[in-house]
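Here's the structure, in structure tokens; my notes come after.
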Amino acid sequence: MSRYLVKRVIYMLITLFIIAAFTFFLMKLLPGSPFRNQDKLTPQQVHALNEKYGLNDPVPVQFVHYMGKLVQGDLGLTFQFDGRTVTSMIKDGIGPSATLGVEAIIFGVIVGLILGVAAALKHNSAIDYGAMVFAVFGAAIPSFVFAGLLQYYIGVKLEWLPVAFWEGPKYHVLPALALSVGIIAQIARFMRNEMLDTLGQDYMITARAKGISKGRTIFVHAIRNSLIPIITILGPMVVNVITGSLVIENIFAIPGIGEQFVKSINVNDYPMIMGTTLFYSALLIFSMLIVDILYGVVDPRIRVAGGKSK
Amino acid sequence: MSMTEKKLTDDMFQPAAMDPGKHEEITKPSLTYWQDVWRRLKKNKAAITGLVAIILIVIMAFVGPAISSHGFDQQDVRRTNLPPKIPGLEKVHFLGMDGVDIRGNDQYKLKNIPKDQYYWFGTDSLGRDQWTRIWKGTQISLLIAFLAAAGDLIIGVTYGGISGFFGGKVDNIMQRFVEILYGIPNLVIIILFILIFEPGILSITLAIVITGWIGMSRLVRGQILKLKGQEFILASRTLGASNGRLIMKHLVPNTLGIVIISMTFSIPGAIFFEAFLSFIGLGIQPPTASLGALISDGFKQLRIYPHLAIYPSVVMCILMVSFNLIGDGLRDALDPKMRK
């Protein structure tokens, strides 16, 4: 396991390095100057400014500086506000984004599990078909379409909940709901198939034959054994939530990282784009690593390391 | 005529002649693999519904713009933001296709549009006909999706095929490379790629292909590794088949099933990513439209002119759901063992 872990972490670092290098050279390629009103500056002033920010150094030297700063968490200054660092902007955005993501995942997983279990227990009934139709639609239709529908029908037409912004618990419901539809669909579908598999196993009959009540066999034997493979879809799910939150935050005007990211694209705030991109890469890569480790922890039969571990 | 009325006498029966040669005769025509797949697919109502829906949408994407008299980039400031109005359906008020906006004003009357002028899906803020734009947008979205799927197919099958077939050192090096690429989130690559190149059909497609082929190549490699060790390959090799023949005649046709399944899922994936890019401002640029761009534009005026977002959303949802249904159906049909 530890050997596998080391290998994975090394791959993770290589990947992050590639992305960081890519973003650095990309920033060099993009047109424009970092200084406002450059036309009004004398060549001496431009030279002095370049000197100050280290832009007179050869590109490889700049690259080393950039990477050095990156390791310390310094992503440069944003163009949007004077003197604010990208890091501080990202710090401000983490709160709402993380809250939204966690709420969506918790809600989605719980509802998805209930739907999936109910569908499997009532196999080939109206509940089963209803849940599966929902799962097909929920998985296929992008979250931003759901976001629009919820906004229009619940926010604008019925006026039950606020249409946008982020000012209290009431404001969390619609975006979290929109973000969780995909999760519910994925989990419900997967859980149903796993449950059907488990329910058909011999040990279920054995348990019943031993005189264990039906409820107990379902909760203790069926659900617990079906839950394990759910971990395998956590990885894609996290990616989905992160991708979805980019747009959802924008639609609901939530001041999270996703919204900052989209805004920075629209105003060509390159350091901010690069900073958020790097942040997202790190987040995605890290969560994939955690999910992969979880596989091995939860189910010892899954040997990611490929051989002798413990 | 019931059995009790009619007497069955012995002379009505004759012993059948025994013909040993006919014992082994196959009376039904044998089905090829693909006929069998089609037979199984036909039984799947959901998949067939999806297939029909996609065919209809593809036809509409090409016919739709032609049957409307308005061009997709034809602006008319006197006719902006008109709600939908469809001949016939305009009399059924609750359908919302009577040219009345959400405040209950008949916009067609207010803006002095002649009685025989209809904008089936309404017009946008520049007075462009939404019907034409939606079908034009569907064309673009489908084009991007099919190009992306084709790109995935070509690169993925070649890379995975070579890696799986040659194995050993070649496979090792090629897989290390894939592992690194696989770790880079596709979201990030796609966005960076679009930032470098101007957003357009080709750059968006390329951005999607750059990350999309990896999944395909892994599937193909796995399948080829599995097939390579089987007896029929050994037999063919013993008979002197060249590598090229082995790949083209034996290995590739046997991986076709998973490749097709994977393609039916990568098409909606590409449609999604194109729409996603439109949402964050990196999508197709006006006046060209795509479904994603239309939905994203429509959302900006969702409160006042919901029709601008709703119709393209509906078309896109039908497309996405249909492709997923076909994908599921094909998976069951191509590989009955995997069915749950």
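Residue numbers start from 1 in every chain, and the chains themselves are labelled A, B, ... in the order their sequence lines are given, proteins ahead of strands.
In this structure, no portion of L278(A) lies under 4.5 Å from any heavy atom of chain B. If you measure heavy-atom distances from L16(A) to chain B, you find no contacts under 4.5 Å at all. Using a 4.5 Å cut-off between heavy atoms, L319(B) makes no contact with chain A at all. Heavy atoms closer than 4.5 Å to chain B are found nowhere in F279(A), neither backbone nor side chain. Heavy-atom distances place the side chain of L325(B), and not its backbone, under 4.5 Å from chain A. At a 4.5 Å heavy-atom cutoff, A46(B) makes no contact with chain A through either its backbone or its side chain. Contact of F323(B) with chain A is not made at all, since no heavy-atom distance falls under 4.5 Å.
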Walk me through whether I251(A) and F279(B) qualify under side chain to side chain contact (heavy atoms under 4.5 Å, CB included). CA-CA 9 Å; I251(A) 291 176; F279(B) 255 91; 3.7 Å; yes

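Here the CG-CZ distance, from D328(B) to R189(A), works out to 4.0 Å after rounding to the nearest 0.5 Å. In this structure, the separation between CZ on F276(B) and CG on L246(A) is 4.5 Å, given to the nearest 0.5 Å.
Taking all atoms of both residues into account, the shortest heavy-atom contact from I141(A) to C317(B) is CG2-SG, 3.5 Å. For V321(B) against F137(A), the heavy-atom pair with the smallest separation is CG2-CD2, 3.8 Å.
Using bins of under 30°, 30° to 60° and over 60° for the plane-to-plane angle, the ring pair F272(B)/F144(A) lands in the parallel bin.
Note on G244(A), A139(A), G258(A), A140(A): by heavy-atom pairs under 4.5 Å with chain B, the leading option is A140(A).
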